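Because the structure is predicted, anything quoted here is derived from the model rather than measured. The chains referred to below are lettered A, B, ... by the order of the sequence lines, with proteins before strands, and numbering in each begins at 1.
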Amino acid sequence: MIAAIRSEWIKLSTIRVTWILAIVAVAFPLVVALLTAALAEDLSGETLAGVITGTTVVSGMLLGVVASNGITGEFSHQTIRPTFAAMPDRWRPLLAKPIVHVGLAAVLTATVVGVSWVAGRLIAGDSTSEDLEGTGAALIGVVLLAIGLTLLGYGLGLLIRNTPATICVLLLWPLIAEGLIAGLLTAVGAEGATKWLPYSAGISMAVVDVGGGDDTLSRVGGGIYFFVWVLAILAFGLYTAKRRDA
Amino acid sequence: MIEIRELRKRFGRVVAVDGLSFDVHPGRVTGFLGPNGSGKSTTMRCMVGLDRPEQGTTRFDGRAYESMRQPLFEIGALFDAGYVHPARSGRNHLRWLAATHGMPVSRVDEVLALVGLTDAAGRKVKGYSLGMRQRLGLAGVLLGDPHTVILDEPANGLDPEGIRWIRDVLVHLARGGRTVLVSSHLLSEISLIADDLVVIGRGRLIGQGPVSGFIDRYSTRWVRVRTPEPAVFAEHLARSGGDVRPIAPNGMDIHGLPIEQVGELAARVGAVLHELSPQVESLEDAFLRATAADQEYRSVPAPGASR
């Protein structure tokens with residue numbers, strides 16, 4: 001398995017677009033957080049954490065795009081064939097790839113969240129007020145959300161196999177589809193059902209003040225529900241990739 | 001040795017490979033021939049588990065490909081030189097392949113030198129010509145120094161120097177005791193390098209065995225004669241039962257009589273011969289005759305072409 005992981009890391013690290021997206025994923029939250037810390041007056045820890053998690057969600061989506069590219073590129077350029085020919089036990093490459101992508105996503109988002117938080121507080125200086133209880137959980141939650149989006153991108157890529165279509169589903173689902181569905185549910189008087197939309201549930205992991213009540217899932221509950229969706233899509237993708245012709 | 005038994009693969013309603021069985025022997029180059037759509041590529045993909053066959057087995061020295069932990073050390077397969085990410089350099093393409101088997105980067109550089117791509121190794125593959133991609137694909141095949149080599153159309157896109165090079169490589173591999181299976185549409189190339197042939201049509205086996213045996217079975221033999229007095233000798237030949245077809249200048253092709261009989265007849269009637277030679281159709285002719293009933297796509301004869 002180590003050899004498979006090393007091989008997948010070479011694949012991932014030798015494509016320029018990976019690094020372009022990774023740099024954007026790191027730079028965007030960092031720059032926004034540092035600018036906010038430098039420019040805002042009386043910046044609270046809660047506000048800083050909100051800025052960091054809000055921007056890191058975008059980073060998570062970019063890392064999901066990297067993961068979907070990683071697998072759909074295998075199908076579109078048919079490098080999946082020499083891959084499976086080199087490793088006839090398909091589980092090895094099929095599992096090694098998400099391990100590498102999740103590792104990259106975890107390291108990048110944890111680093112950017114940590115650096116943004118520490119540097120933001122230092123820059124904000126005395127104006128940073130006491131932290132709220134949910135701040136740390138939200139900062140950890142957004143890293144988990146990025147990992148989930150990475151796995152989601154990979155799982156969708158395994159199923160759809162086409163790069164533009166996979167990226168469309170990955171990005172339009174949270175940005176447009178869930179909003180439309182939520183609007184529809186509200187229109188028919190079923191507001192309570194919107195909390196069961198997968199991405200909305202996942203976002204609750206990264207929200208500083210989750211709130212509560214019947215209309216939203218808790219941080220842990222939402223995270224578990226989101227990961228159930230992600231793992232179901234991933235499992236179905238792995239199953240089809242294992243069985244189908246390469 | 002490769003043993004394929006009762007291989008069957010269907011895509012929807014189309015049966016691509018239909019109960020195919022054949023053997024590929026070590027120390028020999030085996031040409032794998034068939035018309036377009038006959039199932040050659042599908043067969044090769046099924047052999048290494050890329051396509052899932054409905055039934056049948058492929059054994060490499062008694063072992064299934066799927067059971068091999070590090071197959072590149074045993075089997076080198078190239079199905080299409082295009083199976084490369086265009087934004088990755090040739091060297092990095094081989095690096096990830098080598099890493100699956102824990103091979104050092106020095107081995108990558110060795111095979112790059114072997115195929116003559118050292119200077120282009122750092123360039124992105126999208127800048128490679130088709131011939132360079134074929135060489136890169138072959139470098140991948142040679143990476144693990146395998147005892148069995150499977151190549152699908154390896155001469156595609158190669159220039160004459162490249163074609164000669166691949167020919168020499170394949171013959172060298174076979175003479176070194178390796179098992180070599182190669183498909184190609186270039187029948188002239190196959191006739192130069194292959195010791196054995198496996199010919200399929202519509203997914204079924206048409207013939208298997210030495211090249212000479214295949215040509216003997218599916219081709220026509222005749223005798224060519226050149227004489228200063230063709231009309232007179234043609235009459236003698238016709239009276240002896242020969243089917244005489246004149247060719248210019250002063251020549252004729254004689255079907256239906258063995259060369260010994262034509263020579264003896266010339267001596268008996270005092271005919272002067274400038275040429276007396278046996279003629280046999282090419283592998284291409286034999287192939288077209290053997291697969292005539294199994295051509296999936298037929299073209300209209302070109303103006304003036306003989307069929």
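- Within the 4.5 angstrom heavy-atom criterion, only backbone atoms of A/Arg243 (N, CA, C, O) approach chain B.
- Side chain to side chain, B/Lys9 and B/Thr43 fail the donor-acceptor criterion of an N or O pair below 3.5 Å.
- There is no contact between B/Ala77 and chain A, counting heavy-atom distances below 4.5 Å.
- Ring pair A/Tyr199/A/Trp173: centre-to-centre distance not below 6.0 Å.
- The candidate with the highest count of non-hydrogen atom pairs below 4.5 Å against chain A, out of B/Leu78, B/Asp51, B/Asp80, is B/Asp51.
- Annotation: side chain of A/Leu151 is in contact with side chain of A/Pro98 (closest heavy-atom distance under 4.5 Å).
- Both the backbone and the side chain of A/Thr83 have a heavy atom closer than 4.5 Å to some heavy atom of chain B.
- Note on B/Gly137, B/Gly140, B/Pro71: by heavy-atom pairs under 4.5 Å with chain A, the leading option is B/Pro71.
- Contacts between B/Leu50 and chain A at a heavy-atom distance below 4.5 Å involve backbone atoms as well as side-chain atoms.
- Here B/Arg95 is the residue among B/His101, B/Gln70, B/Glu66, B/Arg95 with the most heavy-atom pairs under 4.5 Å with chain A.
- With 3.5 Å as the limit, one finds a donor-acceptor pair spanning the side chains of A/Arg81 and B/Tyr83.
- Heavy-atom distances place both the backbone and the side chain of B/Arg69 under 4.5 Å from chain A.
- Judged by distance alone, the side chains of B/Glu189 and B/Ser184 never bring a donor and an acceptor atom under 3.5 Å apart.
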